[in-house]
Amino acid sequence: MPLALLALAVGAFGIGTTEFAMMGLLPDVAGDLHISIPSAGHLVSAYALGVVIGAPLLAAATARMPRRTVLIALMGLFVAGNALSALAPDENWLLAARFLSGLPHGAFFGVGAVVATGLVAPERKARSVSLMFLGLTVANIAGVPAATLVGQHLGWRATFLGVSAIGLAAIASLYLLIPRTPGHTPGGGLRGELAALRPLPVWLALGTTVAGFAALFSAYSYITPMLTDAAGYAEGSVTLLLALFGVGATVGNLLGGRLADHAMRRTLFGGLASLVAVLAAFPVLMRTEWSAALAVVLLGTAAFVTGSPLQLMVMEKAAAAPSLASSANQAAFNLANAGGAWIGGLALAAGFGATAPAVAGAGLAVLGTGVAGVAYAVDRRRAKRPAGTARVVATHVPDRSEALHH
């Protein structure tokens, strides 16, 4: 695998750290800015909103630019957002800074995925994407706990300054290691980019991402009360257990990348089926401490097995605009984050017990499997079209390998 993938992983590590570290810093931020915990929770939503808005817009707006330049510019915006967060004098400033920090998130992963697949042979595309996402999963093992520890001892502002330093290291790595390549320039400009997202298979792939990862976040958003109220862990043990989730996510990410290069569709269905089984078993697994720890690892593994195949599938279905499609998938991931947490919260508030969010997540995973099944049926039906029809359609879509490698 090319060393350039390391530069993408460094950027992903910084992004993953700043995204998830805020959850552990909420009490410190709330106390320093004299706001309530629920008000501080809006800082998490502000970041997610930045991702959803910035992912497709920035990817489309920068489509004609060289991709190395785009990645460096996006990481520069990331550094600026985190530095402004560290300097925030009040809640409104911090809300705006968190929104700014989230803007480059989706576009960085979207453009980065296209660059990663262009660096390797066709049979290694999924693995190249998984290695870029490795930075995101490792952030849950090392970056987030370290950021939380720094925030608790040196203040939450020091955490954001540290993340800014990671961003600067990523910029240097991108400049030194990523090769110069031209941007993708569709004939229709921005309109042509957006038109590539219209086909039904693209939306079915994005829908699978939303449903599948909403299943994860329905449970993961409430993993702390499950571990303390159901499994009996002390609150001080939760940080270590969340690191175990990062270990599982890292294993699942690497496994999914390797398997998807051989059988992308079967890997996706296998990951979704595993996610259904793990989430459905949570009420039983959360009865003892050792099985609860196992459940946390299995949750990360099952969920992230699907990451690489979903990213590649969206890129393939919108081959005329892979950067935009890949970025849109990141927006879908963050919609899943918000939607899954909301649905899990409804299940918890309904009084069905501490593990109710996981059971709700199992239902969402079943929905994701159903959407993936519909996508498969649509693909089979289109593949059976008469050869003449297929040729007419093909004249409007650039060669997939060419689109992915430009």
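- Put simply, the side chain of Thr159 gets close to the backbone of Ala147: a donor and an acceptor are under 3.5 Å apart.
- Nearest heavy-atom pair across Asp32 and Arg157 is OD2-NH2, 3.3 Å.
- Judged by distance alone, with hydrogens and angles left aside, the side-chain atoms of Tyr222 form a donor-acceptor pair with the main-chain N or O of Ala341 at under 3.5 Å.
- Within a 6.0 Å sphere centred on CZ of Arg265, heavy atoms belonging to other residues, nucleotides or ligands number more than 12.
- If you take CZ on Phe78 and OG on Ser164, they are separated by 7.0 Å, rounding to the nearest 0.5 Å.
- Of the possible polar contacts, one joining the Thr306 side chain to the Ala303 backbone as a donor-acceptor pair under 3.5 Å is found.
- Side-chain N or O atoms of Ser85 include none that pairs as donor or acceptor with a backbone N or O of Leu94 at under 3.5 Å.
- Between Leu134 atom CG and Phe13 atom CZ the span is 10.5 Å, to the nearest 0.5 Å.
- Annotation: the span from Leu299 atom CG to Ile223 atom CD1 amounts to 6.0 Å, rounded to 0.5 Å.
- Contact annotation: the side chain of Met132 never approaches that of Val115 to less than 4.5 Å [non-hydrogen atoms, C-beta and beyond].
- Across all non-hydrogen atoms, the minimal contact from Ala4 to Pro179 is CB-CD, 4.4 Å.
- Leu95 has its side chain within reach of Leu43: a pair of non-hydrogen atoms, C-beta onward, lies under 4.5 Å apart.
- The 12-atom threshold is not exceeded at NE2 of His153, counting heavy atoms of other residues, nucleotides or ligands nearer than 6.0 Å.
- Residues Phe333 and Gln311 are not in side-chain contact: their nearest non-hydrogen atoms beyond the backbone lie 4.5 Å or more apart.
- A donor and an acceptor atom, one from each side chain of Arg258 and Thr267, are nowhere located under 3.5 Å apart.
- At least one donor-acceptor pair closer than 3.5 Å links the side chain of Asp90 to the backbone N or O of Trp93.
- In this structure, the separation between CG on Leu131 and CG on Leu254 is 6.5 Å, given to the nearest 0.5 Å.
- The minimum heavy-atom distance between Ala230 and Thr355, with the atom names listed, is CB-CG2, 4.2 Å.
- Using a 4.5 Å cut-off on side-chain heavy atoms (C-beta onward), Leu58 and Ser327 make no contact.
- Screening Leu8, Ile15, Val129, Val51 for a side-chain contact (heavy atoms from CB on, under 4.5 Å) with Phe109, the sole residue that qualifies is Ile15.
- Looking at Leu6 and Ser173, their side chains never come closer than 4.5 Å, going by heavy atoms from C-beta outward.
- Shortest non-hydrogen contact noted between Val314 and Ala205 is CG2-CB, 3.6 Å.
- Distance CZ/Phe282 to OG/Ser291: 10.0 Å, rounded to 0.5 Å.
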task = Could you check Phe213 against Asn337 for side chain to side chain contact (heavy atoms under 4.5 Å, CB included), going step by step and ending with a plain yes or no?
result = CA-CA 7 Å; Phe213 277 96; Asn337 189 339; over 6 Å; no
request  = Please lay out, stage by stage, how Asn334 and His105 fare under the test side chain to side chain contact (heavy atoms under 4.5 Å, CB included).
outcome  = CA-CA 10 Å; Asn334 278 269; His105 176 129; 4.3 Å; yes
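- The backbone N or O of Gly81 sits less than 3.5 Å from a side-chain atom of Ser101, completing a donor-acceptor pair.
- Of the possible donor and acceptor atoms, none in the side chain of Thr18 sits under 3.5 Å from a partner among the backbone N and O of Gly14.
- No side-chain donor-acceptor contact under 3.5 Å links Trp156 to the backbone of Ala30.
- By the 6.0 Å contact criterion, OH on Tyr376 is open, its count of non-hydrogen atoms from other residues, nucleotides or ligands being 12 or less.
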query = When you look at Leu5 and Ser128, which way does the side chain to side chain contact (heavy atoms under 4.5 Å, CB included) test go after all the steps?
reply = CA-CA 7 Å; Leu5 293 176; Ser128 71; 4.2 Å; yes
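- In this structure the side chain of Leu242 never reaches within 4.5 angstrom of the side chain of Val144, judged on heavy atoms.
- Ser218 places no side-chain N or O within donor-acceptor distance of the main-chain N or O of Ala214, the cut-off being under 3.5 Å.
- Interatomic distance, Ile72 CD1 to Met65 CE, rounded to the nearest 0.5 Å: 10.0 Å.
- The minimum heavy-atom distance between Val278 and Ala295, with the atom names listed, is CG1-O, 4.3 Å.
- The aromatic rings of Phe245 and Tyr220 sit parallel to each other, their planes meeting at less than 30°, with 60° as the upper class boundary.
- Across all their heavy atoms, Leu272 and Ala365 have their closest contact at O-CB, 4.4 Å.
- With a 4.5 Å cut-off on side-chain heavy atoms, Thr117 and Met315 count as touching.
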message = Set out, in order, the CA-CA distance, both residues' side-chain angles and the distance that settles side chain to side chain contact (heavy atoms under 4.5 Å, CB included) for Leu227 and Glu289, then state yes or no.
response = CA-CA 8 Å; Leu227 292 171; Glu289 290 187 353; over 6 Å; no
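- The backbone N or O of Gly248 sits less than 3.5 Å from a side-chain atom of Thr301, completing a donor-acceptor pair.
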